[in-house]
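Remember, it's 1-based here, ligands and their atoms both numbered in the order they're listed.
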Amino acid sequence: MLSLHCKECNYKFTPKKDVIPKTCPFCGKEGTLEKVKPMQKIIDEVIDEMDS
Ligand SMILES: [Zn+2]
């Protein structure tokens, strides 16, 4: 599932479709939204690092 985080106001939310809105729905700033890594992916990457 796609999660987004606003760098401006730290608002976190999940868009209904997998589309990143241009503006933050909370503070209304443009271009401040970034994807939040799913926790499982972070765990997988850590395991990958341990193997190597
Ligand atoms: Zn915001």
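Protein N/O/S atoms found under 2.8 Å from the Zn ion (ligand 1): Cys6 SG, Cys9 SG, Cys24 SG, Cys27 SG.
Residues passing the salt bridge (charged side-chain N to carboxylate O under 4.0 Å, His left out) test with Glu8, sequence neighbours excluded: Lys29. With sequence neighbours left out, Lys35 forms a side chain to side chain contact (heavy atoms under 4.5 Å, CB included) with Leu2, Leu4, Ile20. Every residue two or more places apart in sequence or in another chain that forms a side chain to side chain contact (heavy atoms under 4.5 Å, CB included) with Tyr11 is listed here: Cys6, Cys9, Phe13, Cys24, Pro25, Phe26.
Distance check, rounded to the nearest 0.5 Å: OG1 of Thr14 to NZ of Lys16 gives 12.0 Å. A distance of 12.0 Å separates CG of Leu33 from OG of Ser3, quoted to the nearest 0.5 Å.
Using a 4.5 Å cut-off on side-chain heavy atoms (C-beta onward), Asn10 and His5 make contact.
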